[in-house]
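Right, one structure below, let's go through it.
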Amino acid sequence: MPTSRRGSGSVTLPTGQVLAIHTRTHDDEDLPHATKRTMADHLRKYESIFTLTSPRMRMIVDAFKDTLELGLEKPKQVVPMIPTFVFGWPTGEETGDFLAVDLGGTNLRVCLVTLQGNGKFEITQSKYRLTEEQKQEEGQKLFDFCAECLKTFIETNLGEGTVKDGEKLPLGFTFSYPCSQERIDHGELIRWTKGFGAANTEGRDVAAMFRESLKRHNVPAELTALINDTTGTLIASSYVNPRTRIAVIFGTGCNAAYMERVGEIHKIKNLGIDDDAQMAINCEWGAFDSFEHEHLPRTKYDQIIDETSNKPGEQAFEKLISGRYLGEILRLVICELIDEGVLFLGQNTYKIEIPYALDTAFLSLMEMDPTEELLMIIGIFTHFFALETTLAERQFFRALAKLVGRRAARLSACGIAAIVSKMGYLETGCSVGADGSLYNKYPGFADRVHEGLQDVFGEKGRNIVTYHAEDGSGVGSAIIAAMTKIRKDKGLYLNV
């Protein structure tokens, strides 16, 4: 076969063996290594591409704020600003045993939460890994799997006699995908995100589908609340830290939730809810600037990711900042430099040419303590891609990972700043409960978010503090189920 444009290839011998060939010799004087100067020149180019300036951030915040307000005004907007029918903040006095099922981007999690009041709780949980096949198969089969796991959990973790014959335990279902809700125990899936594509699900009531699976598998649980993990994070964080006003998720996907005055949610005026009541809003802000692409600083690498995704044009904000995509952005830059004859000459690069082969977790390893990270980079490229690297290349990869990660954090700060600006939280300040693998595990991400908030707001940006959030998809789901039971027992807004 012809040699690869990346300086390597292979031939098949008559014996059937495959022999790797290279277009260059391995003589040191003939093999042009990427030098420190060469990589520094390229780094300057990428710095200009990925650096987000303070003025540009303020422009994004203004556009973001307008988009949030439009979503409250009218239904079916790009950023849908979904009313959750979670009314007000927890009092801290909610008590009892509640089940929670969390269908996330990577795992299915089943929990038993015992709320003890005064911000205290106990939790027992099990996780089940979701396969890529399950994410794409028929939707009802996905919910059948959820029901089977819940039944196994109940049989394993609840003692005999805990659930009496005919009794059903209250269940909060955390479904972390954009749904339009007419009431707390209902939700029509608007669109799959995070790489899911289960057929016959979009446009349908996922709560009803799950109930059908629970009934089919004789699971002693009653779905009382359908929530988004971000809404759960908002409520769980407030249960423990009453200063919390916003919750954000930065993980496989990204999202935010906050508490809004019902009078400002014009699209639900017809429901007859008191204007001064408070209701949590699930922003679904990963869709910001989708389709039109007018405000976000998309590079050609972002465009490639978008065009080759299962939802081209959609989730524009998410594709720039979420953990699902950051590694792929870096991989695309590396492949571009391989094509240009800058990196890995004379080496077989097919492993790193595979889409999404460079996980975002690798980026976080590249940004570890300076005494360890260069050794870590050697290990990543040698072990996973069978590639040898020079010191100059390793320093370049570290700097490039930092650029990609810093842009993601600063864009994340823009979303937080838009809510802060809209709600007038800047003067008094507030806490922001933050969760997700990117926030929790990516070195320096939280610090860069805070840096971004100060670049948008100046010194007053220090008044907005993010912190590691409480478990929204487990504890938050249980608290919301408890709050909903209390509300309905009081006869408040029974229609929602």
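In what follows, every heavy atom counts, from backbone to side chain, and hydrogens, waters and symmetry copies are set aside.
Side-chain contact, Asp102 with Thr174: no donor N or O sits under 3.5 Å from an acceptor N or O. Side chains of Glu284 and Asn282: a donor-acceptor N/O pair is present below 3.5 angstrom, by distance only.
In this structure, the ring pair (Phe, Tyr, Trp, His ring centres under 6.0 Å) partners of Tyr493, at least two apart in sequence or on a different chain, are Phe87. The side-chain contact (heavy atoms from CB on, under 4.5 Å) search around Thr299 returns Ile49, Phe50, Tyr301, Asp302, Arg407, not counting sequence neighbours. Scanning for side-chain contact (heavy atoms from CB on, under 4.5 Å) contacts around Gln125 gives Arg109, Cys111, with sequence neighbours left out.
Two rings, from Tyr258 and Trp285, have their centers 6.0 Å or more apart. The distance between the ring centers of Phe317 and Phe64 falls below 6.0 angstrom.
Annotation: cation-pi geometry not satisfied between Arg58 and Phe457 (NZ/CZ under 6.0 angstrom from ring centroid, within 45° of ring axis).
Residues Asp185 and Arg211 form a side-chain contact, since some pair of their non-hydrogen atoms from C-beta on lies under 4.5 Å apart.
A salt bridge links Lys422 with Glu260: at least one charged nitrogen is closer than 4.0 Å to a carboxylate oxygen.
When the shell of 6.0 Å around NZ of Lys269 is examined, it contains more than 12 heavy atoms from other residues, nucleotides or ligands.
For the side-chain hydrogen bond (donor to acceptor under 3.5 Å, both in side chains) condition, the pairs that include at least one residue of residues 66-93, sequence neighbours left out, are Thr91-Glu94.
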Show me, pair by pair, the donor-acceptor contacts under 3.5 angstrom made by side chains of residues 429-439, not counting sequence neighbours?
unit_1 : atom_1 : unit_2 : atom_2 : d
Asp435 : OD1    : Asn440 : ND2    : 2.9
Tyr439 : OH     : Thr466 : OG1    : 2.7
Tyr439 : OH     : Tyr467 : N      : 3.4

Would you be so kind as to tabulate the donor-acceptor pairs closer than 3.5 Å made by side chains of residues 475-485, with sequence neighbours excluded?
unit_1 : atom_1 : unit_2 : atom_2 : d
Ser477 : OG     : Gly172 : O      : 3.1
Thr484 : OG1    : Ile480 : O      : 2.7
Lys485 : NZ     : Asp489 : OD2    : 3.1

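Between the side chain of Lys267 and the backbone N or O of Gly71, at least one donor-acceptor pair lies under 3.5 Å.
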